[in-house]
2 protein chains.
Amino acid sequence: MKTSPSSFFILGMLQFGATSGYAIKKATDVSMRYFWPTSLAQIYPELHRLEEQGLVVRHDDSHGARTRASYEVTEKGRETLLSWLAETDEEQFRFRDEGVLRLYFADALAPDDQIQLVRRLRNRCAETKSELRENVIPLGDALAEMTGTRFPGTIAHFGADVFAFAEEWLANLEQELEEGEQSEPNAEAAPDPEAS
Amino acid sequence: MKTSPSSFFILGMLQFGATSGYAIKKATDVSMRYFWPTSLAQIYPELHRLEEQGLVVRHDDSHGARTRASYEVTEKGRETLLSWLAETDEEQFRFRDEGVLRLYFADALAPDDQIQLVRRLRNRCAETKSELRENVIPLGDALAEMTGTRFPGTIAHFGADVFAFAEEWLANLEQELEEGEQSEPNAEAAPDPEAS
DNA sequence: GTGTGCATGTAAGGAGTTACATGATTGC
DNA sequence: GCAATCATGTAACTCCTTACATGCACAC
């Protein structure tokens, strides 16, 4: 069984202080929802695999009749995580999004539907941006102030700013499409927003 | 068998003029590599499924002893594609990237290694941006001029601009980390670049 | 007493990848 | 003659999701 990015994700979350599978899921839903969504059905088997590999040890943390496991990262686990963090062969960005795929084929739509589609994509960017600004960034900033752990907040800022940029870009595209429709029904391809 | 985004991708590429599975793969490698990468092992079975569903018809286009299939989108296929394009329930953005995950856990690294990591991520953004500007955008622009099909070019511009933005953002972060390391070895969390 | 949240798991299946397997044609 | 490209597929495997299954604890 290979050690995949998901394994490192679990390992990293444990080192950040989440002790149980359930706790990892809770923490992820708040701060990593947009960057590394995960499910309990993936976390639990992964924890078992990490234990088999000796990267974590499992302690029993049951309260009365309610079972609870608490995991601890071993020295080997810490080393493994560190060497993964320092890996120098960064893979290519890949970014599979259904909305972008739709936009790619948008020439098949009527001009009005094209505008609708762009508007929906823009709204989606705006929602994600707002969610990050309102709920995730404050948490990240608080974490940085309390514990000095700053990168979770950095990621939240990064995401919010990128989504804000995408939102603006799509707003420009939307306006262009609207103008094209109004004034020149058979307009030729106008320059794209922020063309380089 | 459900009609997934990948099915629509194949369907859309056929309507754009790619006639065979191999041709779809070639076209994808050029223009959609960063947005919807795919493999032949996915394309061929998908084409068979689309045929079973009556969304495409297969013609034999063999040249002598070399077999070649040529697919044509049916009326039903066109309708299915259009109704997918016009769907109004846009799913949440999700964006799973190993590099971003590393950055999330970067607090575990020494300051110098943090800078190295950010630099690698920035370079990766820069490479993707350049590849899009130099190779993909010209193709998209040419397509728009020759056939009026403009959105493939729009996607290329969008991608290039977003990656350029991310590159700049990471450059700012890198500079901040460098300054923090030089002047204040025990610096508290500095404000993130372009903080909102 | 009932719903919400805590807590841990398994089963089934879809989506996507790499590796394997085969063979024709074209250009050097 | 040989390599690269055209062309089509299958097998095995990983990764990830949804749905299923179970049960405790606490607040209202």
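Just so you know, these numbers use all the heavy atoms, side chains as well, and skip hydrogens, waters and symmetry mates. Naming convention: chains lettered A, B, ... in sequence-line order (proteins, then strands); numbering from 1 in each chain.
- Around the CD atom of B/Glu87, the shell of radius 6.0 Å holds more than 12 heavy atoms that belong to other residues, nucleotides or ligands.
- Side-chain proximity of B/Ser6 to D/dT10, C/dT8, C/dG16: nearest is C/dG16.
- No continuous path of hydrophobic side-chain contacts links A/Leu143 to A/Phe151 [ILVMFWY only; heavy atoms under 4.5 Å].
- Taking 4.0 angstrom as the limit, B/Ser39 places a side-chain polar atom (N or O) nearer than this to OP1 or OP2 of C/dT17.
- Taking the charged nitrogens against the carboxylate oxygens, B/Lys76 and B/Glu79 have no contact shorter than 4.0 Å, which rules out a salt bridge.
- Taking atom CZ of residue B/Arg33 and atom C1' of nucleotide C/dT17, one finds them 17 Å apart after rounding to whole Å.
- No option in B/Glu127, B/Glu168, B/Glu174 other than B/Glu174 meets the side chain to side chain donor-acceptor pair (under 3.5 Å) test with B/Arg122.
- Across all strands shown, A/Ala41 has heavy atoms under 4.0 Å from base atoms, whether or not it also approaches the sugar-phosphate.
- A salt bridge links B/Glu176 with A/Arg150: the closest approach of a Lys/Arg side-chain nitrogen to an acidic carboxylate oxygen falls below 4.0 angstrom.
- The nearest whole Å value for the distance from the CD atom in A/Glu46 to the C1' atom in D/dC15 is 10 Å.
- Atom NZ in B/Lys25 sits roughly 13 Å away from atom P in C/dG16 (whole-Å rounding).
- When the side-chain nitrogen and oxygen atoms of A/Gln42 are compared with OP1 and OP2 of D/dC15, none of them lie within a distance under 4.0 Å.
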Using residues 8-21 of chain B as the side-chain source, report each donor-acceptor pair under 3.5 Å to any protein atom, sequence neighbours left out, with the distance given to one decimal.
| residue | atom | partner | partner atom | Å |
| --- | --- | --- | --- | --- |
| B/Ser20 | OG | B/Ala23 | N | 3.0 |

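- Using a 4.0 Å heavy-atom criterion, one finds that A/Ala23 contacts no nucleic acid atom at all.
- A residue-by-residue look at A/Ser4 and A/His63 shows that A/Ser4 has its nearest nucleotide of DNA chain D further toward the 5' end.
- Taking atom OH on B/Tyr44 and atom P on C/dT22, their separation rounds to 17 Å, with Å as the unit.
- In the helix from C/dG1-D/dC28 to C/dC28-D/dG1, the rotation axis of the first five pairs and that of the last five pairs differ in direction by 20°, rounded to 10 degrees.
- Across all strands, A/Thr67 comes closer than 4.0 Å only to sugar-phosphate atoms, never to a base (heavy-atom distances).
- Protein atom CG of A/Asp60 is 13 Å distant from nucleotide atom P of C/dA7, rounded to whole Å.
- Between B/Arg119 and B/Glu178 there is a salt bridge, since a side-chain N of the basic residue sits under 4.0 Å from a carboxylate O of the acidic one.
- Counting to the nearest Å, the P atom of C/dT25 and the CZ atom of B/Arg68 are 11 Å from each other.
- One can place NE2 of B/His48 at 12 Å from C1' of D/dA7, the figure rounded to the nearest angstrom.
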>> Before you tell me yes or no, could you show the steps for B/Asp97 and B/Arg102 under salt bridge (Lys or Arg N to Asp or Glu O under 4.0 Å), namely the whole-Å CA-CA distance, both residues' side-chain angles and the distance that decides it to 0.1 Å?
In response: CA-CA 9 Å; B/Asp97 180 73; B/Arg102 281 205 183 92; over 6 Å; no
Can you name the atoms? Protein N/O to nucleotides 2-5 of chain C N/O, anything below 3.5 Å, with the distance.
| residue | atom | partner | partner atom | Å |
| --- | --- | --- | --- | --- |
| C/dG5 | N2 | A/Arg66 | NH2 | 2.8 |

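- Along DNA chain D, the nucleotide nearest to B/Arg94 and the one nearest to B/Leu40 differ in position, and the one closer to the 5' end is contacted by B/Leu40.
- At a threshold of 4.0 Å, the pair B/Glu46-B/Arg49 counts as salt-bridged, since one of the basic side-chain nitrogens sits closer than that to a carboxylate oxygen.
- If you find the closest nucleotide of DNA chain C to A/Leu47 and to A/Arg96, the one lying nearer the 5' end belongs to A/Leu47.
- Residue-environment remark: CD (B/Glu91) stays at or below the threshold of 12 foreign heavy atoms within 6.0 Å.
- The interatomic distance linking B/Leu50 (CG) with C/dA15 (C1') rounds to 15 Å, in whole Å.
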